[in-house]
**Q** 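Take this structure, written in structure tokens, and hold onto it; I'll ask about it next.
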Amino acid sequence: MATIKIKQVRSGVGEPLDQKRTLRALGLHKISQVSEVQDNPSIRGMIRKVSHLITVVD
């Protein structure tokens, strides 16, 4: 199955609790941290929810 690499570029401080929990569920804890996750519809929805805090890396 395919994977997606995502990188946290902004802090979750000051964001709603659900967005902070979404970052944790994606495996991101610190700025500039890169996480590799499975590519499926639920993960894509999580990425869309916090798209202003992360970027997708090639």
Side-chain angles (χ1 to χ4, degrees):
M1 182 161 245
T3 60
I4 300 174
K5 285 186 180 179
I6 53 175
K7 179 179 181 180
Q8 185 173 352
V9 293
R10 291 191 56 208
S11 173
V13 174
E15 300 298 330
L17 184 59
D18 60 331
Q19 292 180 13
K20 291 179 186 180
R21 288 181 177 166
T22 302
L23 284 174
R24 295 292 173 163
L26 289 170
L28 299 170
H29 304 283
K30 295 188 277 187
I31 295 175
S32 298
Q33 183 177 5
V34 176
S35 179
E36 191 168 346
V37 293
Q38 295 293 326
D39 184 11
N40 60 47
S42 63
I43 295 294
R44 292 225 175 225
M46 294 167 74
I47 290 172
R48 202 171 304 118
K49 185 172 189 171
V50 293
S51 63
H52 58 288
L53 302 175
I54 65 173
T55 183
V56 177
V57 182
D58 290 336

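All of these numbers come straight from a predicted model, not from anything done at the bench.
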**Q** Could you list the residues that satisfy side chain to side chain donor-acceptor pair (under 3.5 Å) with R10, not counting sequence neighbours?
**A** none
**Q** Do H29 and R24 make a side-chain contact, defined as non-hydrogen atoms from C-beta onward lying under 4.5 Å apart?
**A** yes
**Q** Using side-chain contact (heavy atoms from CB on, under 4.5 Å) as the criterion, list what pairs up with K5, not counting sequence neighbours.
**A** V34, E36, V57
**Q** How does the hydrophobic cluster around I31 look, that is, which other residues are in it when side-chain heavy atoms under 4.5 Å mark a link?
**A** none
**Q** Without placing hydrogens or testing angles, list every side-chain donor-acceptor pair under 3.5 Å for residues 42-53, not counting sequence neighbours.
**A**
| unit_1 | atom_1 | unit_2 | atom_2 | d |
| --- | --- | --- | --- | --- |
| S42 | OG | N40 | OD1 | 2.8 |
| R44 | NE | D39 | OD1 | 2.8 |
| R44 | NH2 | D39 | OD1 | 3.2 |
| R44 | NH2 | D39 | OD2 | 3.0 |
| K49 | NZ | D18 | OD2 | 3.0 |
| S51 | OG | R48 | O | 3.4 |
| H52 | NE2 | E15 | OE1 | 3.4 |
| H52 | NE2 | Q19 | OE1 | 3.2 |

**Q** Mind listing the closest non-hydrogen atom pair of L26 and V37 along with its distance?
**A** O-CG1, 3.6 Å
**Q** Linking Ile, Leu, Val, Met, Phe, Trp and Tyr through side-chain heavy atoms less than 4.5 Å apart, which residues share a cluster with L17?
**A** none
**Q** Find out whether S35 and L28 are in side-chain contact, i.e. whether some heavy atom of one side chain is under 4.5 Å from a heavy atom of the other.
**A** yes
